[in-house]
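All remarks here apply to the structure that follows.
Starting from 1, each residue takes its place in the sequence as its number.
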Amino acid sequence: NTAFSLRYRGRLGGSASEVGVAWSGFDAHLPSTSPAGGGTSRVRATADFTRGEGPVRVGYGTSLDRMWLRSEGRDAESRTGGAYLEGSWQPIPRLRVRGGMRGDLFSADPDPRFSPRLAVTWLPGEQASLSLAAGRYHQIVRAWDRVESTRPGRIRPDSVFIPAGLAVGRASHLSLALHQQMEPGIRLGVEGFFKTFEGLAVPGMERAHTSGVDLWVRREAGALRGWLGYSLAWVWSPPTGGTRQVFDGRHTLSAAVAGTLGRWGDADLRVAYGADLPYTAIHVDQESTELGARMEVLAQSVRGATESLPFPTTPGDSYLRVDLGISRTFTPRWQGRATKVSPYLRVLNALGRRDALFYDYRHGRDAEPRPLAALPLIPVVGVSWQI
C-alpha cells in the first residue's frame with residue numbers, strides 16, 4: 001500500500017480555495033503453481049472554491065480522476081472528469097437551504113451524467129437541528145459476467161461471477177437526520193436513510209436498495225474524546241428475469257476513544273463489531289448457489305469498484321475489529337511560520353477476520369473458500385505535515 005496527497009488552502013481571486021492532488025497504489029502477488037496477482041492505482045486532482053454573493057454562499061469546483069485495475073490478467077482503466085456548482089441560502093434565521101448540481105464524464109460510458117442534490121436544515125432550538133436531504137451520485141463500479149461451471153459430484157451447474165471491466169453506477173438517496181447538542185462538547189445524532197443503486201452491471205440484477213438507521217453519541221472536546229455508534233441496515237434486490245429476490249440485514253456496533261499520553265503523544269483505540277440479523281437474513285445453503293453468488297456480487301457492487309469483496313459473505317458471518325493508533329505532534333518553525341509534523345503508527349487488527357486477497361476452492365459438497373496469505377495484522381506508518 002502506498003499513498004501520497006498534497007493540499008493547498010488559501011485565497012484565489014477573492015474565493016476561499018482548496019487545491020489538491022493525490023496518488024495511491026496497491027499491489028499483491030501470490031507465488032503458486034499458477035502465479036496470481038493484482039493491483040490498483042489511482043491519481044486524483046481537485047479544486048474547490050467558495051465565496052459569498054450577497055445572502056447566498058456559492059461553492060464550485062472541478063475534479064479529474066484516473067484509475068487502473070489489474071486482476072488475474074484482466075486490466076481496466078477509467079478516466080473521470082467532473083464539475084459542480086452549489087449554493088447555500090438562509091431565508092429565515094432558523095432555516096437553511098442548500099442545493100446544487102454536478103456533471104461528470106466517464107470514459108467507461110460517454111454519456112454525461114448529472115447529479116442534483118438538495119438539503120433543508122431547520123433549527124427547532126438553540127441546540128438541535130433537523131435535516132432532510134436527497135440527491136444522486138455516480139461512480140465507477142465493477143462489471144460482472146456470469147459463468148456456469150459444474151463441480152465434481154454436482155449435477156446442476158453453479159453460477160460464478162467474474163470481473164468484466166468497469167461500468168458507471170448510479171445511487172439515489174433520501175435521508176432524515178436529527179442532531180442534538182446534549183451539553184458542551186457532547187453531541188447526539190439519529191439518521192434514517194433509503195438508497196437505490198442502479199447500473200450495477202450484474203447479470204440478473206438491475207436494481208438494488210438499502211435502508212437503515214444510524215444512532216451515535218460523540219464527545220468532541222476535552223482531554224478524552226470518543227464516540228459510540230450503532231447502525232442497522234438492510235440490502236435487497238427485487239426479482240428480475242425469473243431470478244429470486246436477494247435480501248439480507250446487518251447491524252454494527254462501533255466505539256472509539258482518543259486521548260493524550262502526556263509528553264509521549266496521543267493514542268486512540270477503535271472497536272467495531274458487525275453481524276447479520278438472525279431473523280431477517282436468507283440463509284444460503286448448498287442448493288442455492290445462484291442466490292449466494294448474487295448476494296456476494298450485490299455486496300461488492302454496492303461498495304464500489306476499488307474495495308475488495310470480503311469472504312465469507314453468506315448470512316451468519318460476524319466480525320470483531322480492533323485498531324490502535326499512536327502519534328506525536330511536533331511544532332517546528334519553517335520560514336518563520338509555525339508548522340505541525342505528526343508521525344504516527346496504526347495497527348489494523350481484524351482478530352483473524354482480515355480479508356484475504358486470494359482464496360482456494362476445494363471440491364466437495366462442503367466446499368467453502370479458504371483464505372490464502374491472509375494478513376490479520378496490518379501496520380501503517382505515516383507522517384502528516386501541516387504548514
Side-chain angles (χ1 to χ4, degrees), residues 67 69 76 78 80 82 101-119 132-148 158-176 191-214 231-252 276-277 280-284 288-310 313-315:
M67 180 172 58
L69 296 178
S78 169
T80 305
M101 176 73 71
R102 180 181 178 89
D104 291 286
L105 288 174
F106 298 88
S107 61
D109 191 330
D111 294 334
R113 301 297 204 279
F114 295 98
S115 304
R117 49 197 174 193
L118 178 67
L132 178 65
R136 181 176 296 169
Y137 178 75
H138 293 87
Q139 75 171 42
I140 292 294
V141 299
R142 290 183 186 270
W144 300 84
D145 283 338
R146 179 169 58 188
V147 179
E148 293 187 349
D158 295 339
S159 289
V160 179
F161 291 87
I162 61 175
L166 300 173
V168 181
R170 183 177 72 184
S172 301
H173 73 271
L174 177 66
S175 66
L176 180 64
E191 179 177 352
F193 63 88
F194 176 83
K195 299 179 181 180
T196 296
F197 301 90
E198 297 175 293
L200 300 180
V202 179
M205 188 183 300
E206 299 177 358
R207 178 178 297 183
H209 307 280
T210 180
S211 64
V213 62
D214 295 328
S231 298
L232 176 65
W234 296 269
V235 59
W236 69 95
S237 173
T240 56
T243 61
R244 296 175 58 186
Q245 177 175 337
V246 172
F247 185 89
D248 194 15
R250 194 167 186 86
H251 54 173
T252 303
D276 285 307
L277 299 174
T280 62
I282 296 178
H283 290 265
V284 181
S288 304
T289 55
E290 167 72 12
L291 181 61
R294 291 177 67 228
M295 187 69 243
E296 294 170 1
V297 174
L298 172 59
Q300 166 66 5
S301 300
V302 169
R303 290 184 183 94
T306 60
E307 299 186 28
S308 62
L309 176 62
T313 57
T314 54

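- L174 meets the side-chain contact (heavy atoms from CB on, under 4.5 Å) test with L132, A134; sequence neighbours excluded.
- The NE2 atom of H173 sits 13.5 Å away from the OG1 atom of T210 when rounded to the nearest 0.5 Å.
- The line from CG of L176 to CD of E191 is 8.5 Å long, rounded to the nearest 0.5 Å.
- Of the listed residues (D111, I140, L166), just one forms a side chain to side chain contact (heavy atoms under 4.5 Å, CB included) with F106, and that residue is I140.
- Taking the six-membered ring for Trp and the full ring otherwise, F194 and H209 have centroids separated by under 6.0 Å.
- Taking every heavy atom of both residues into account, A119 and A133 meet most closely at CB-CB, 4.0 Å.
- Y137 OH to S115 OG: the interatomic distance, rounded to the nearest 0.5 Å, is 8.5 Å.
- How far CG of D104 is from CG of D109: 12.0 Å, rounded to the nearest 0.5 Å.
- Across every non-hydrogen atom of G199 and V141, the tightest pair is O-CG2, 3.8 Å.
- Annotation: cation-pi pair K195/F193 present, NZ/CZ under 6.0 Å from the ring centroid and within 45° of its normal.
- Considering OG1 of T80 and NE2 of H138, their distance stands at 11.5 Å, rounded to 0.5 Å.
- Looking at heavy atoms from C-beta onward, R170 lies in side-chain contact with R136 at the 4.5 angstrom threshold.
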